**Student:** 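Take this structure first; my questions come after.
Values reported hereafter were calculated over all heavy atoms of this structure, with side chains retained and with hydrogens, waters and symmetry mates removed. So that the names make sense, note that chain A is the first sequence line, chain B the second, and so on, each numbered from 1. Since we're looking at a predicted model, the values are computed, not measured.
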Amino acid sequence: MSEALLDKGYEPHEVEARWYRYWLENKLFAAKDRDGEREAFSIVIPPPNVTGKLHMGHALNNTLQDILCRYQRLCGKNVLWMPGTDHAGIATQNVVEKQLASEGKSRDDLGRDAFIDRVWEWRKEYGGAIIHQLQRLGASCDWDRERFTMDEGLSRAVRKVFVRLYEEGLIYKGHYLINWCPRCHTALADLEVEHEEKASFLYHIAYPLTDGSGSLVVATTRPETLFGDTAVALHPEDERYADLSCASVKLPLTDREIPVIRDSYVDREFGTGCLKVTPAHDPNDFELGIKHGLEQIKAIDDDGRMNAHAGPFAGLDRFVARERAVAELEKQGLLVKKEDLTHSVGHCYRCKTVVEPNLSLQWFVKVGPLADKALKAVEEGKTRIYPENWTKTYYEWMRNIRDWCISRQIWWGHRIPAWTCEDCGRLLVLEADPETCPDCGGTALTQESDVLDTWFSSALWPFSTMGWPEKTDLLKTFYPTSVLVTGFDILFFWVARMMMMGTHFMDEVPFKDVYIHALVRDAEGKKMSKSLGNVIDPLEVIEKYGTDAFRFTLTSFAAMGRDIKLSEERVEGYRHFINKLWNAARFSLMHLDQAYDSFDPKAISLPDQWILSRLHSVGAQAQQALDTYRFNDAASILYRFVWNEFCDWYLEAIKPILFGKSGDAAMRATKGVLYRVISDTLILLHPIVPFVTEEIWEKLPGGRGSIMEADFPTLNWDNQRLAYSPEAEVSMEFVIELVTGVRNIRGEMNLSPAQALNALFHTDNPFQKEMLTQHQDLMKLLARLDTLDVMPVGERPRASATSIVSGSALYVLLEGVLDFAKEVERLDKAMAKVDKELGGIAAKLENSGFVDKAPEPVVKKVKAQYEELVEKRAQLLANRDRIAGMV
RNA sequence: GGGCGAAUAGCUCAGCUGGGAGAGCAACGGCCUUACAAGCCGUGGGUCACAGGUUCGAUCCCUGUUUCGCCCACCA
């Protein structure tokens, strides 16, 4: 027995490392490709970036997934949690370039092939970091199946998808205005641009009319783009310009003349109602330029510097050029006005550089048809989004979607499978690298230098990881996946695109449910960020408080649709819970010298019946909560059960039985119940706190293997032995009410727990009489009473404090000890409470509308409450007056 | 400009389809009662943001207002 004893305090670190190793070695996370019997359950992990370091978002995201996976395994399902990482094109390239820079080199010094080798090297060395961190979190992924978005199989899937979309006319190449990051030197998709409100200026600049009759004043926030202007636009019905006869203006700081055009696109209310048109550097102007056949002049180069079109400003950075140009315009008297204006400026989501709208040749996905399918799938309920209000956001986005720019001018990523024949100019888009041109037989084929947007490959993740385009058993068993768990920040980047690709290529949605969780913020509700210095490192938290405490904290705060404000104190609070559980187990183990795997239902005590009944309800509630993604509910249901019911009442109540005061048969029965309850409680808790539950499970006698292989308790409720018992709950509630009454008197009277007390209970109620005789010892123990006598309602004892229990009076005899004034005060307080409740209920009953219209059971219930309170009040008053008379 | 969400105890938050306001932490008082002082027992504390409406009845449903947060959007 002594060897089974647990240490006094729970020590997480050694336990966590040991069990994680055990689970891996015994393949307890492994899914079966095919399983004829068990139902399948699958989740694909949102692949963290290889450059990633575990942050709070990952911690929450993966804790929730792990809870679901572990829960479903306990429910007997064949569970696949597919792990992997994302190559994260721009992010990873940036990291490696930085590393090169510290060696004084650039990627161009290495050349494309050598650079890519270098990235792979980097990945080999550091790419596993995030995986190890997920393992510290307890993530039960099927690690043998780990995938990477750049590995061979996934690359094949990417090519296949690209070629098919191209052949279906859903991928095209063209010159369009895209968002350009001058630092990363690549195009970005609209989504990859972060807009931020910035204080800036609106410059009013005079463009002289060529006939010398004056000038047109345009308003712009980006004066440096004027070198790319190819027109000035007015609204056709703008009366201010109705008389204008001159059809062209002279572009300031240049020798060019540009036309004046009319278009209703121009907003007459804004600025001067006169718009400068720069088709190569502004998306609206681009459209306008096409409509009016305007020339497209690029004045800003890909590195963000002005080019030859800017004359004397050529070579200057765009922002320097802005200042210089404004100064020059002012000198020439062409700057009419400079006013304050805050407007939103786009930044690169990777490096935060201000993006430049730029004209270039790029590849695009025509998303309309794909979005239609993805939209319909959710409308038809094939995929359900939780919490539901995100569906609306999803719909909005899908309905207003624009074509997706997928080419990136970087090296790290899936190179676009398109080649140009140098001889005949033919463009080839193929899955396999071509040797010769099918048209002219030429062998000088040049592959596109661009790579694909990282999100292109992650859009295929749910099926590419399962072996698509092969028809694998894995796909057959696990696709569509059961649920996708993710944060809302990548709803569009990732979830929406998986929906498009999944419905298009698999003819089936990628997941049945999408659970969108909150963001983890700091204690003040601010987003955690390096620049604010408010980042809490999950690994440090784990180090300090243990993984289970951390996981329980995240789970408790993971209410649907609400952000989590995390601080260390909160984790500390839940560490107490882990410790409480540990100590409860320690106590139990002192009495469980063997596996008590059965008990005699006839020999069990009231607390036994009660705790079994409670376990039954709590198990059902926990199951319900987990089935509906109400993680915080599951956590709090179990927390309260373990602490406030199992520890506070049950363990205290069975102590005399365990110490042999009720005989051997009773002891055996109670040990059986204790064994059962603690076992089931551990299983219920295991999905949330896997380590401590496994550790305790192992120490329990019986040698039942890993807790991961146990059955979730609700699967096999044995109704004979373990059923919901309202009678037992009512009885135990009576005991609790009585005991609490005594404790209240003790507390309010400042009587030490050591002080011996005697009590009388006056009742004519048969049930109560029965309770008092049957469970007298139990009540005496819990209330620390020397004697507790029951007698018919009669004369009240003299010096006693009163507590009303279920309408009957309990008298705690305090001869020589009672402070009469204090007792009167206490009873007054109790009465005031009753009066307050009574007030509301009486008003309700006097309202004829309520009595007539409210449903029968409700009225009945309220009436019963009323009777009870009236009785209670009368009792209190009688006793109060009696004591008052003795002062 | 559109959309979404939040406002409940000193703090952080629950409160599922309308029927007597809850938890944790903090505070206060008392306890080292042989699993646990990371503990035990007890106590206090809320016009459920504001104003209307629907209803017999509203923290919950509807309308409006205020404050805060987020997302989306090509108005220079």
**Student:** Residues two or more places apart in sequence or in another chain: which of them pass side chain to side chain donor-acceptor pair (under 3.5 Å) with Asp489(A)?
**Tutor:** none
**Student:** Check salt bridge (charged side-chain N to carboxylate O under 4.0 Å, His left out) between Glu194(A) and all other residues, then give those that pass, not counting sequence neighbours.
**Tutor:**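 Only Lys352(A) meet the salt bridge (charged side-chain N to carboxylate O under 4.0 Å, His left out) criterion with Glu194(A).
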**Student:** Of all the choices, rC75(B), rU43(B), rG19(B), which nucleotide is nearest to the side chain of Tyr265(A) once you look at every atom?
**Tutor:** rC75(B)
**Student:** Describe the nucleic acid contact of Asp852(A) in one word from base, sugar-phosphate, nothing, applying a heavy-atom distance below 4.0 Å.
**Tutor:**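 No contact.
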**Student:** With Asn389(A), which residues qualify under side chain to side chain contact (heavy atoms under 4.5 Å, CB included), at least two apart?
**Tutor:**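 With neighbours one apart ignored, the set is Pro387(A).
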**Student:** In which stems does RNA chain B show up, taking only runs of three or more Watson-Crick or G-U wobble pairs whose two distances fall under 3.5 Å?
**Tutor:**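 Listed by first number, the stems are B:1-7 with B:66-72, B:10-13 with B:22-25, B:27-31 with B:39-43, B:49-53 with B:61-65.
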**Student:** Return the value, rounded to whole Å, for the distance between atom CG of Leu519(A) and atom C1' of rG5(B).
**Tutor:**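 Whole-Å distance recorded here is 13 Å.
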**Student:** Sort and list the pairs that fulfil salt bridge (Lys or Arg N to Asp or Glu O under 4.0 Å) and have at least one residue in residues 635-659 of chain A, not counting sequence neighbours.
**Tutor:**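 Residue pairs passing salt bridge (Lys or Arg N to Asp or Glu O under 4.0 Å), neighbours aside: Arg614(A)-Glu645(A), Glu652(A)-Lys655(A).
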**Student:** Quick one: is the NZ or CZ of Arg399(A) closer than 6.0 Å to the six-membered ring centre of Tyr395(A), and within 45° of its axis?
**Tutor:**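 So Arg399(A) does make the cation-pi contact.
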**Student:** Can you check the Arg399(A) CZ to rC72(B) C1' distance for me, whole Å?
**Tutor:**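 Nearest whole value for this atom pair: 15 Å.
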**Student:** Can you identify which nucleotide, out of rA76(B), rG5(B), rC56(B), has its nearest atom closest to the Asp267(A) side chain?
**Tutor:** rA76(B)
**Student:** One character per nucleotide, please: for nucleotides 31-38 of chain B, 5' to 3', B when the base has a protein heavy atom closer than 4.0 Å, S when only the sugar-phosphate does, - otherwise.
**Tutor:** S-B-BBSB
**Student:** Under 4.0 Å, counting only non-hydrogen atoms across every strand here, what does Lys392(A) touch: a base, just sugar-phosphate, or nothing?
**Tutor:** sugar-phosphate
**Student:** Of the residues in residues 836-845 of chain A, which ones touch RNA chain B at a heavy-atom distance under 4.0 Å?
**Tutor:**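 Nucleic-acid contacts, sorted: Glu837(A), Ile841(A), Lys844(A).
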**Student:** What donor-acceptor contacts under 3.5 angstrom involve side-chain atoms of residues 833-844 of chain A, with partners at least two apart or in another chain?
**Tutor:**
from, atom 1, to, atom 2, distance (Å)
Asp835(A), OD1, Arg873(A), NE, 2.4
Asp835(A), OD2, Arg873(A), NE, 3.4
Asp835(A), OD2, Arg873(A), NH2, 3.1

**Student:** Please tell me which of the listed nucleotides, rA76(B), rA14(B), rC4(B), lies nearest to the side chain of Asn632(A)?
**Tutor:** rA14(B)
**Student:** Give the nucleotide from the list rU43(B), rA23(B), rA76(B) with an atom nearest to the side chain of Glu748(A).
**Tutor:**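 Ranking rU43(B), rA23(B), rA76(B) by closest atom to the Glu748(A) side chain puts rU43(B) first.
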**Student:** Regarding Phe286(A), tell me which of base, sugar-phosphate or nothing describes its non-hydrogen contacts under 4.0 Å with the strands shown.
**Tutor:** nothing
**Student:** Across the strands shown, which category fits Leu869(A) at heavy-atom distances under 4.0 angstrom: base, sugar-phosphate, nothing?
**Tutor:** base
**Student:** Name all residues meeting the side chain to side chain donor-acceptor pair (under 3.5 Å) criterion together with Asp229(A); count only those two or more places apart in sequence or in a different chain, and write none if there are none.
**Tutor:** Tyr207(A), Lys276(A), Thr278(A)
**Student:** So, using ring pair (Phe, Tyr, Trp, His ring centres under 6.0 Å) as the criterion, who are the partners of Phe587(A) when residues are at least two apart?
**Tutor:**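 For Phe587(A), the residues satisfying ring pair (Phe, Tyr, Trp, His ring centres under 6.0 Å) (neighbours in sequence not counted) are His591(A).
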**Student:** Under 4.0 angstrom, heavy atoms only, what part of the nucleic acid is Pro855(A) near: base, sugar-phosphate, or nothing?
**Tutor:**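 The answer is base, as Pro855(A) lies within the cut-off (heavy atoms under 4.0 Å) of a base atom.
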**Student:** Going by side chain to side chain donor-acceptor pair (under 3.5 Å), name the residues that satisfy it together with Lys337(A), two or more places apart in sequence or in a different chain.
**Tutor:**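 Result, side chain to side chain donor-acceptor pair (under 3.5 Å) vs Lys337(A): none returned.
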**Student:** Which part of the nucleic acid, if any, lies within reach of Glu396(A) when heavy atoms closer than 4.0 Å are counted: base, sugar-phosphate only, or nothing?
**Tutor:**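 Answer is nothing: Glu396(A) stays at 4.0 Å or more from every strand.
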**Student:** Can you check the Glu388(A) CD to rU17(B) C1' distance for me, whole Å?
**Tutor:** 13 Å
**Student:** Distance check needed: rA14(B) P versus Leu638(A) CG, whole Å only.
**Tutor:**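 In whole Å, rA14(B) P and Leu638(A) CG are 18 Å from each other.
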**Student:** Check side chain to side chain donor-acceptor pair (under 3.5 Å) between His292(A) and all other residues, then give those that pass, not counting sequence neighbours.
**Tutor:**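 Listed in chain order: Asp263(A).
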**Student:** Under a plain distance cut-off of 3.5 Å, with no hydrogens placed, do Tyr10(A) and Glu695(A) share a side-chain donor-acceptor pair?
**Tutor:**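 No donor-acceptor contact under 3.5 Å links the two side chains.
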